[in-house]
Amino acid sequence: MIGVYLSGTGNTKHCVEKLVHLMDDTALCVPLEDAQIRSLLEKEGTIVLGYPTQFSNAPFMVRDFINKNDSLWKGKKLFIINTMGLFSGDGTGCTARLLKKHGAEILGGMQIKMPDSVCDSKLLKKSVEENIQIVKSADGRMKEAARQMREGRYPQEGLSVIAHIKGLFGQRLWFYRKTKGYTNKLKISDSCIGCGLCSKECPMNNIQIEGNRATSGNRCTMCYRCISLCPQKAITLLGDTVKEQCRYEKYAQ
């Protein structure tokens, strides 16, 4: 077994590592951008794949990776985790359908509520205490899921036809343009001091430092990692100002 994840603010990383290590405390968990990711996945028969949901869809980086490595999935068994601030619909189903086309067997899926990670919006923001409770609840759900999975009973969240309809009509149809590909909408203000942290941490290598200033390209996957880490709060995406830099570490106990 191996866990692989795209994680912007640490939520999904925590969930994948938590569930995988409850199943097998020796299993490896690696980020999707790891340079050895394909060779690591080739060696494993069971994969736990995790990512944050975006408008009831998987981040384009995840879908792009699946399609570009289509031969990798044949015969693999996958369990899918998606993290969400409030609503997911069929957030797990989006990748499950892709993976099935490439010959994968889908064991199941979990859609886990975690603290909201959209740093430049006030929507869904909660107090630190409330977010601590959200994380505790998520950990409890994963502990129970691991117990069931050891008995061969896998959660099937987000994989049904009803979930597909909810995701499609609840969000995806209305926000399709935001998730159909990578975006060039990342904004970097004059507050930037060119420290290079965003460039180092971007999973897409989409940010470069030029003349002591960060500049972004057109391959942002909207993970919010750079926005949540920038010491100057100089980066935004959907909004115009950073409201709260949401990081899992703030809510971990």
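Quantities reported herein were computed from a predicted structural model and do not represent experimental measurements.
- Under the rule for a side-chain contact (heavy atoms from CB on, under 4.5 Å), the partners of Gln36 that lie at least two apart in sequence or sit in another chain are Asp34, Ser39, Leu40.
- The main-chain N or O of Val48 is never found under 3.5 Å from a side-chain atom of Tyr5 such that the two would form a donor-acceptor pair.
- Phe169 meets the side-chain contact (heavy atoms from CB on, under 4.5 Å) test with Ile165, Leu173; sequence neighbours excluded.
- Annotation: ring pair (Phe, Tyr, Trp, His ring centres under 6.0 Å) contacts involving residues 15-43, sequence neighbours excluded, are absent.
- Side-chain contact between Gln111 and Pro155 is absent, with no heavy-atom pair separated by less than 4.5 Å.
- Among residue pairs with one or both ends in residues 226-238, those qualifying as side chain to side chain donor-acceptor pair (under 3.5 Å) are Ser228-Arg247; sequence neighbours excluded.
- Partners of Lys250 according to the salt bridge (charged side-chain N to carboxylate O under 4.0 Å, His left out) rule, which considers only residues two or more places apart in sequence or in another chain, are Glu244.
- Side-chain contact check for Thr12 versus Met114: every heavy-atom pair is 4.5 Å or farther apart.
- Distance check, rounded to the nearest 0.5 Å: SG of Cys226 to CG of Leu237 gives 8.0 Å.
- Partners of Lys180 according to the side-chain contact (heavy atoms from CB on, under 4.5 Å) rule, which considers only residues two or more places apart in sequence or in another chain, are Tyr176.
- Judged by distance alone, the side chain of Asp120 and the main-chain N or O of Leu238 form a donor-acceptor pair under 3.5 Å.
- Environment of CZ in Arg177: sparse, with no more than 12 heavy atoms of neighbouring residues, nucleotides or ligands closer than 6.0 Å.
- Considering CZ of Arg172 and CH2 of Trp174, their distance stands at 12.5 Å, rounded to 0.5 Å.
- Under the rule for a side-chain hydrogen bond (donor to acceptor under 3.5 Å, both in side chains), Gln208 has no partner lying at least two apart in sequence or in another chain.
- Enclosure of atom NZ in Lys166 is not indicated, since only 12 or fewer non-hydrogen atoms of other residues, nucleotides or ligands lie within 6.0 angstrom.
- Side-chain contact check for Leu107 versus Thr46: some heavy-atom pair is nearer than 4.5 Å.
- Side-chain contacts under 4.5 Å among hydrophobic residues (ILVMFWY), followed directly or transitively, place Leu229 together with Leu197.
- A donor and an acceptor atom, one from each side chain of Ser189 and Lys187, are nowhere located under 3.5 Å apart.
- Side-chain contact between Phe60 and Thr183 is absent, with no heavy-atom pair separated by less than 4.5 Å.
- Residue Ile227 holds its CD1 atom at 10.5 Å from SG of Cys246, rounded to the nearest 0.5 Å.
- Among residues two or more places apart in sequence or in another chain, the side-chain contact (heavy atoms from CB on, under 4.5 Å) test is passed with Ser127 by Glu129, Glu130.
- The side-chain heavy atoms of Phe65 and Ile37, taken from C-beta on, include a pair separated by under 4.5 Å.
- In this structure, Leu41 is a member of the same hydrophobic cluster as Ile66, with clusters built from ILVMFWY side-chain heavy atoms closer than 4.5 Å.
- A side-chain donor-acceptor contact under 3.5 Å links Asn82 and Ser88.
- With sequence neighbours left out, Asp64 forms a salt bridge (charged side-chain N to carboxylate O under 4.0 Å, His left out) with Lys68.
- Transitive grouping of hydrophobic side chains (ILVMFWY, heavy atoms separated by less than 4.5 Å) brings Leu86 and Leu123 into a common cluster.
- Between the side chains of Tyr248 and Ser7, not a single donor N or O lies within less than 3.5 Å of an accepting N or O.
- The salt bridge (charged side-chain N to carboxylate O under 4.0 Å, His left out) check on Asp116 picks up Lys125, with sequence neighbours excluded.
- Evaluation of the salt bridge (charged side-chain N to carboxylate O under 4.0 Å, His left out) rule for Arg147 yields Glu144, Glu151 as partners, not counting sequence neighbours.
- Closest of all the heavy-atom pairs between Leu159 and Ala163 is N-CB, 4.3 Å.
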